[in-house]
There are 2 protein chains.
Amino acid sequence: MTTTPVATQSRGTRSTAEDQRLRIVARAVEIFSRSGYQATPVASVAAAAKVSTAYVFRLFDGKLGLFVSAVDDCYAQVAAALTAGAGRSVSETPTDRLDAMSLAYIELIRDRSLIALQVHAQSACDVPEIRDAVRRGISSVVHVVTQQSGADDDAIQRFLAYGQLCHLVVQAGLADVDTVWARTVDHGIRHD
Amino acid sequence: MTTTPVATQSRGTRSTAEDQRLRIVARAVEIFSRSGYQATPVASVAAAAKVSTAYVFRLFDGKLGLFVSAVDDCYAQVAAALTAGAGRSVSETPTDRLDAMSLAYIELIRDRSLIALQVHAQSACDVPEIRDAVRRGISSVVHVVTQQSGADDDAIQRFLAYGQLCHLVVQAGLADVDTVWARTVDHGIRHD
DNA sequence: TTAGTTAGTGACTGAACAGTCACAAATGGC
DNA sequence: GCCATTTGTGACTGTTCAGTCACTAACTAA
C-alpha cells in the first residue's frame, strides 16, 4: 500500500497478488454459486483457484470478504451483460430496449452461476456486509437499466420482477418439471 | 407405526409426539427463516421449542427432515393466506381476485418469516429434498391462485413475478433505503 | 552479494455442530 | 402391583472448517 510497484499491471512472467485476487474472485463466483455462502468452504474456492487456503485468507478479509467480492463481481457482470444486451436492441424505444435487456438476462441462465449467486446473496442478507453488497448490486442494475432503456419506473419494476421470477425458475429447475403449473410459471422464460 | 394408540388426537393432559412435532415445526419456520438452512443449528430450533436437541433428532429425519417439514408448513400457510385473501375480494372478476390475493401476500410481509424462509429454501435447492419441497410449494400456490382467481396463465405468472420481487425487497430491507432506485424497486410494495 | 520485500504454503488449533446412545421418568393396560 | 410402551434428556463423539503462524522461495534494488 505504501510503495506502489513500478508497473501496476501484471508483469508477464510472474503473477502479482492483484492478478491472483482477480483469478480467485472469478472462481469464487462459480464455486459459491453452487451451494451458497455458509455451505461452501473456503478450501473449495482455494482448490478451484489452485492456491492454498492460507493464501486466500491472506488476500481477502476472511470468508466474508471473499464472498462480498464475489457478489460485487457478479453484479458487475450482470450490469455489463445488460448494457451489452441493450446495445443489440432493434430500435431505440424504451420498450424495445427493455425487451433486448430481458433477452440478455435470459441468456445469462445458460451459465447458472450469476443467477444462483444472486439468490444465495439475497438469502444471506442477514449478514450486514452481504446485505450491503446486494443493495449496491441492485442499485447498479437499476441505474444501468434506467440509463440504457429510458423506461419509466413501472416498466423497470416489472423488468426486475420477471428477473426475480427467472431466479425461481432456475433454482427450482422448473425447466425439468413437465407439468401444467411449471409451464405456467416458466412460460416465455424457458431456455434451450 | 404398527400399533396406533386408541386416540390419534392429543389426549389433553399429556403431550403426544405428534403434538410436539407440530410445535417444533412452527418454531422451525421462525428460526430457520432468520439465517437459513446451513447457518441455523438444530439446537436453536430445539431451544426455541423448549425441548432437547436429541428429541428433535428423534422426531425428525435429521436436520434435513426438519427443514423440509418447515418449508412444507411455510407454503401451506402461504396458500392458506392467499385463499383467505381471495375471499375478501370486492368482486368476482379474476383481476379483482388476483389483486385481493396480492394484497394478502403483501400483508404476509409484516411477519417476515414466511417470505424469508421461501428465499432460504430457494437458495438451498441444490439439496434435492429441499428442491422437491420448493416444487411442491410452488405447485400448491399456483393451484390455489388458479383455482381462486380463474385468471389466465399470463396474469398468474405476473402475480408470481411480483411475489418474487417482494422477496427481494424484504430480504434486502429496501424499505429502509431512502434512495431513488430503492423507490423504483419497492413502489407499491412498501408496507406500513 | 546481500538485505528487504512479496508470493505462497503445510501444519496446526479451537470451536461449532450433526447425530447417537444409554438411560430416566411418566403413562397405561392387565 | 407389574410390565410394556412412549416421552424425553444429558453426555458424549467424530467431523468439518475458519482462521493463524511459522516458515520457504522467488524476485528486486543497491
Side-chain angles (χ1 to χ4, degrees), chain A residues 1-25 27-28 31-32 34-70 124 127 129-130, chain B residues 1-25 27-28 31-32 34-70 124 127 129-130:
Chain A
M1 200 59 90
T2 51
T3 54
T4 319
V6 179
T8 51
Q9 295 294 21
S10 102
R11 298 292 293 105
T13 66
R14 184 116 190 114
S15 65
T16 68
E18 196 52 30
D19 279 339
Q20 292 288 48
R21 240 194 70 93
L22 295 177
R23 278 192 52 241
I24 293 168
V25 167
R27 307 313 272 150
I31 302 297
F32 275 125
R34 299 215 238 270
S35 307
Y37 177 55
Q38 296 285 351
T40 306
V42 173
S44 301
V45 176
K50 298 202 172 121
V51 292
S52 68
T53 310
Y55 192 43
V56 174
F57 278 102
R58 203 176 162 108
L59 291 182
F60 295 88
D61 188 12
K63 184 185 185 179
L64 183 53
L66 174 61
F67 187 75
V68 167
S69 295
V127 180
E129 289 87 348
I130 297 177
Chain B
M1 201 58 93
T2 50
T3 54
T4 319
V6 179
T8 51
Q9 295 294 19
S10 101
R11 301 290 294 108
T13 66
R14 183 115 190 114
S15 65
T16 68
E18 196 52 30
D19 280 338
Q20 292 287 49
R21 239 195 71 93
L22 295 176
R23 278 193 52 242
I24 293 169
V25 167
R27 306 314 269 144
I31 303 298
F32 275 125
R34 298 216 238 271
S35 307
Y37 178 55
Q38 296 285 351
T40 305
V42 173
S44 302
V45 176
K50 299 200 172 121
V51 292
S52 68
T53 309
Y55 192 44
V56 175
F57 278 103
R58 203 175 161 111
L59 291 181
F60 295 88
D61 189 11
K63 185 185 185 177
L64 183 54
L66 174 62
F67 187 75
V68 167
S69 295
V127 180
E129 288 88 347
I130 297 176

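The model shown is predicted, which means the values in this text are computed figures rather than measured ones.
The nearest whole Å value for the distance from the CG atom in B/Leu22 to the P atom in D/dT7 is 13 Å. The distance from atom CZ of B/Arg21 to atom C1' of D/dG8 is 17 Å, rounded to the nearest whole Å. Regarding B/Asp19, its CG atom lies at a distance of 15 Å from the C1' atom of D/dG8, rounded to whole Å. If you take CZ of A/Phe60 and C1' of D/dT20, they are 18 Å apart, rounded to a whole angstrom. One atom, NZ of B/Lys50, and another, P of D/dG8, lie 15 Å apart when rounded to the nearest Å. Across the protein-nucleic acid pair, B/Gln38 atom CD and C/dA16 atom P stand 17 Å apart, rounded to whole Å. Atom-to-atom, CZ of A/Arg58 to P of D/dA25 comes out at 15 Å; the value is rounded to the nearest Å. Here C/dT20 presents its P atom at 9 Å from CG of B/Asp61, a figure rounded to the nearest Å.
A/Tyr37 and A/Phe32 have tilted rings, their planes meeting at an angle from 30° to 60° on a 0 to 90° scale.
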TODO: Test B/Ser35 against A/Gln38 for side chain to side chain contact (heavy atoms under 4.5 Å, CB included), laying out the working first.
DONE: CA-CA 10 Å; B/Ser35 307; A/Gln38 296 285 351; over 6 Å; no
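Among the heavy atoms of the strands lying under 4.0 Å from A/Thr40 are primed sugar atoms or P, OP1, OP2 only; no base atom is included.
Note: A/Ile24 CD1 to A/Ile31 CD1 = 12.0 Å, rounded to the nearest 0.5 Å. From A/Lys50, atom NZ reaches atom CZ of A/Arg27 across 8.0 Å, with rounding to the nearest 0.5 Å.
Of the candidates D/dT9, C/dT9, D/dA18, the closest approach to any side-chain atom of A/Val42 belongs to D/dA18. Of all nucleotides listed (D/dC21, C/dT20, D/dT7), D/dT7 comes nearest to the side chain of B/Ala17. Across D/dG19, C/dG19, C/dA7, the shortest atom-to-atom separation from the side chain of A/Tyr55 is found for C/dA7. Listed nucleotides C/dG10, D/dT9, C/dT20 differ in distance to A/Ala54; the shortest reach to its side chain belongs to C/dG10.
Between A/Gln20 and the phosphate of C/dA7, there is no side-chain N or O to OP1/OP2 separation shorter than 4.0 Å.
Taking 4.5 Å as the limit, every side-chain heavy atom of B/Leu66 sits out of range of all side-chain heavy atoms of B/Leu59.
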